[in-house]
Number of protein chains: 2
Amino acid sequence: MSKRMSGGAPLRVTMDEVARSAKVSRQTVSRVLHDNAYIAPGTRERVRKAIEKLGYVPDAVARSLAHKRTYLVAAVLTEFAGYSRARILMHAEEEARARGYNVFICGSLSSPKGEPLESPLLNSQKYEGVLILYRGSVDDRFALFKQIHRDVPVVTLGYAPKMPQVRRIVLDDRGGAYRAVKLLLSSGRRTIAQIAGPPGRFDTSGRMQGWREALADFGIQAEERLVRHAQWTPEAGYDQTCSLLNDYDGIDAIFAHSDLIAIGCLRALNEYGLKVPHDVAVVGFDNISIAALLTPSLTTVDQPFAEIGRTAMQCLIARIEGGDVGKMSRAISAELVIRESTTVS
Amino acid sequence: MSKRMSGGAPLRVTMDEVARSAKVSRQTVSRVLHDNAYIAPGTRERVRKAIEKLGYVPDAVARSLAHKRTYLVAAVLTEFAGYSRARILMHAEEEARARGYNVFICGSLSSPKGEPLESPLLNSQKYEGVLILYRGSVDDRFALFKQIHRDVPVVTLGYAPKMPQVRRIVLDDRGGAYRAVKLLLSSGRRTIAQIAGPPGRFDTSGRMQGWREALADFGIQAEERLVRHAQWTPEAGYDQTCSLLNDYDGIDAIFAHSDLIAIGCLRALNEYGLKVPHDVAVVGFDNISIAALLTPSLTTVDQPFAEIGRTAMQCLIARIEGGDVGKMSRAISAELVIRESTTVS
DNA sequence: TTGTAGGCGTTATCAT
DNA sequence: ATGATAACGCCTACAA
C-alpha cells in the first residue's frame, strides 16, 4: 500500500448552513436544488439567495453515498504510445462528459518499477462501468477481466471473453485489411509482405486474415515467410522490414498493421534504396494525423477514432443506465484511404 | 444539466455484514483492515476469513466521506492531438497510481456541439488537486483558473497567473530553441525561418526568444518576415511553410516549434523540390517517437515527457499532502537531439 | 483488546 | 409546502 499522508479538501459550506441562513430545513434546500415542484416561490428565492451568498456547492461524495451513484467510469489502457488509444479516449471522454459522467484513467497495470500492481481496478474509486482500451494479448485480457466485478458493465475494444456484462466494439479488421491488400493486387503487385502486429491478438489475426483472403481471391499463395510480427512501434516496423528485405528478394508491396509500423517500413525501404511506391508500395493501418503529410503520403486503412470512442462510451452508459443494448458486439467499418504510397503516377 | 437516469452499482457487502459474520463489532473489522496493532491474533484471523468468504471490498465513497479525502486528481486537457500531452498524462497517471491517487480527465471544455460547458471542473467529482495540461492561450488559461476553487492545489505546465495555490513546471523553451538555432548557425546556415506555435502563448514566445538570441549571438538581424505562426499540426506546418517559400527566397533552415509542424515542413520542402538537409535544414521540437524514423530523421529539441509528467504529479501530490514545495516553479531542461535533418554528410 | 456513540453531507421517507 | 428522522458505509474518539 502506498503512503497516504495528511492533507484533504478545504472546508466547504454545507447544506445545513444554507438551510440555517435561509431559515428553512435542510430538505427544503435539497428540494430547491433538485427543482422539486412543491416549493413556495418565495422560499425558493430565499434559498437561492442563500446558496449564492454562501457560495454553496453540493458535495459530490456525500451525494454519491446517499445516491449510490458515482457517475465515474474507468478507462483501462496501459500505453497511450500508439496515439490511437489517446484519440479514442479523448472522444470517449467527451461523450461521457456531455452525459454527466467523469472518466478516470486506470493506466499502468504495473508499477514504475515493474511489479504488477495488485488489482488496480479494485483498489480504485468506485466506478459504474469500465471501458477497456487495453492493448494486451488474449491472456492478459483474460487476467484483466477477472479483476472486474461481475456486475459492472464493461465495454471493450476488440474481442473479449463472452461474459454477460461485456459488450464489444469491434473494428472490421479483416475487411479493412482485405481492401488494402486488394488495392495492392489490383495495381499489379504480386509479392505482398506483411508486417503484422504482435501474434496472439484478435486484431492482428483479423488483419492477417484479410491479407490471406485477398491473396486467395487473386489466386496467390499466401506465404508465411512474407510475414513478420512487430510491436506497434516505428522501431519494430523498421527492424522487421530490414529482416524481411534481407531474407527475401522481390517484394513489391508491404502491408503494415499500423501507420507507425509503416513509418518504420518507409525508413527501411529508403535505406535499402527502394523507392516507394515505384519499387515497393506500402499500406498502413489507422490513418493517424500525420499519415497524409508524410513523403510519400501514406495509403492506409482509416480507423474512425471519434466514432469508436463515442460509440463505446454511449454503449457503456446505456448499459449503466439499465438499457439493454442488445447485441453483444457492435461493428465499425474501416475504410481505405488511398494516397501516394501505393500510387505510381 | 445532462440526463441522469436510473442505474447504479450492484449491491455490495458492507462492514456490518462482515462484523456479524465474524461475531465482532464493526470497529474490529475496521481495525483488521487498517492493520491496527491492538487485535487478538485469533480475532484477526476470524475477521480475515469472513472478509474473504463474503468477498468484502471497502466502499471508496463512504470512506471518502468519513475521511474527507478522495484521492482523486483532475487532469485538464482539451486535445490530446499533439501526442505530447497524452504521453505526459500517461506518466503523470503512473506516478499518481503508484502513490494511491486516481486521475480523472477533464477534457472537452466545450460540448460536442460547441457551446462551452458551464464550469466542468466545478460540476465534477471532488478532486484534491488539478493538473493543467491544457494548451490554451493566456486568456483561456486565465478563464480556466477562475473556475478552480482558490484552495485547491494546482500544478500547471507552462506559465500561469501567480496565485498562491499554483505551482508550475516550466520547460526551458528558450534554452532549447537557442541550442537548436545555434546548431543551424554553426553549420553555416544564415537565413533561418521559424514556424512558431500560435501567438499569445508563453511557450511560443520562449522559443521565439531563443531563436532571436541565437541569431543575435551570431550578429544576424532577426527578421519578422521569416516568422510564421501555426497551430501545432502537420497541416498548419505545411501551409505556413508553403507561404514562407512563396514569399521569400534563400531560406536555408527552418526552426519548427513542434515535430508535427516540422513534418508539415518536410512535406512542403519536398514539394518545392528542396532537399533536406542539403538545401534547407530543419529542426523540430518535442522529440516524438517517430522523429527518429522519419526520412530524413529529424533533429529536434527533446521534451522529456516522462520527467515532466512525473515531476508535475509529484509536485501536485506533495502540495496535496501538505508539503510546501517551496519554489513557485520548477524548470525542466530541453536538450537538443541531432539527427539527419540538419546534418550534411 | 474490543465495543459504543457520534458524525461526515447528502437523499428518501414519512409525517404534518 | 415544509420538516423531522433515518439511512448511506465508513472512521474517529472515547469508553470499557
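Just so it is clear: chains get the letters A, B, ... in the order the sequence lines come, proteins before strands, and each one is counted from 1.
With DNA chain C read from its 5' end, the first of the two nearest nucleotides for B:L65 and B:R46 is the one closest to B:R46.
Phosphate proximity of C:dG7 to B:K68: absent, as no side-chain N or O sits under 4.0 Å from OP1 or OP2. Contact check, A:S30 against C:dT11: a side-chain N or O comes under 4.0 Å of OP1 or OP2. Contact annotation: B:T28 reaches the phosphate of C:dG3 (side-chain N/O to OP1 or OP2, under 4.0 Å). A sub-4.0 Å separation between OP1 or OP2 of D:dG3 and a side-chain N or O of A:Y38 is absent. The phosphate of C:dG9 (OP1 or OP2) has no side-chain N or O of B:K126 nearer than 4.0 angstrom.
No more than 12 heavy atoms of other residues, nucleotides or ligands shown are found within 6.0 angstrom of CZ on B:F202. Around the CZ atom of B:R330, the shell of radius 6.0 Å holds no more than 12 heavy atoms that belong to other residues, nucleotides or ligands.
Considering only side-chain atoms of B:P58, the nucleotide from C:dG3, D:dC10, C:dT1 that sits closest is D:dC10. Closest to the side chain of A:R31, from the set D:dA1, C:dT13, C:dT2, is C:dT13. Among D:dT2, D:dC10, C:dT10, the nucleotide with an atom closest to any side-chain atom of A:R63 is C:dT10. For A:A66, whose side chain is taken as the heavy atoms from C-beta onward, the closest listed nucleotide among C:dT4, D:dT2, C:dT11 is C:dT11. When distances run from any side-chain atom of A:Q27 to the nucleotides D:dC8, C:dT10, C:dA12, the shortest one goes to C:dA12. Each of D:dT12, C:dT10, C:dT11 was ranked by its minimum atom distance to the side chain of B:H67; first place goes to D:dT12. Out of C:dC8, C:dT10, C:dT1, the shortest distance to the side chain of A:R26 is found at C:dT10. Side-chain proximity of A:M15 to the nucleotides D:dT2, C:dT10, D:dC10 is greatest for C:dT10. Counting only heavy atoms from C-beta on, A:S25 has its side chain closest to D:dG3 among D:dG3, C:dT11, C:dT4.
Look at CG on A:N36: it is 13 Å from P on C:dT13, rounded to the nearest Å. Between A:D59 atom CG and D:dC8 atom P the separation is 19 Å, expressed in whole Å. For A:H34 and C:dA12, the NE2 to P distance is 7 Å, given to the nearest whole Å. For the pair B:R69 CZ and D:dC10 C1', the computed distance is 16 Å after rounding to whole Å. In this structure, B:L54 places its CG atom 15 Å from C1' of D:dG9, rounding to the nearest Å.
For the 3.5 Å distance criterion, the side chains of B:Y101 and B:R69 qualify, holding a donor opposite an acceptor.
Put simply, the side chain of B:E307 never gets that close to the backbone of B:I332: no donor and acceptor are under 3.5 Å apart.
Look at B:R97 and B:E93 and you find a salt bridge, because one of the NZ, NE, NH1 or NH2 atoms lies within 4.0 Å of a carboxylate O, short of that distance.
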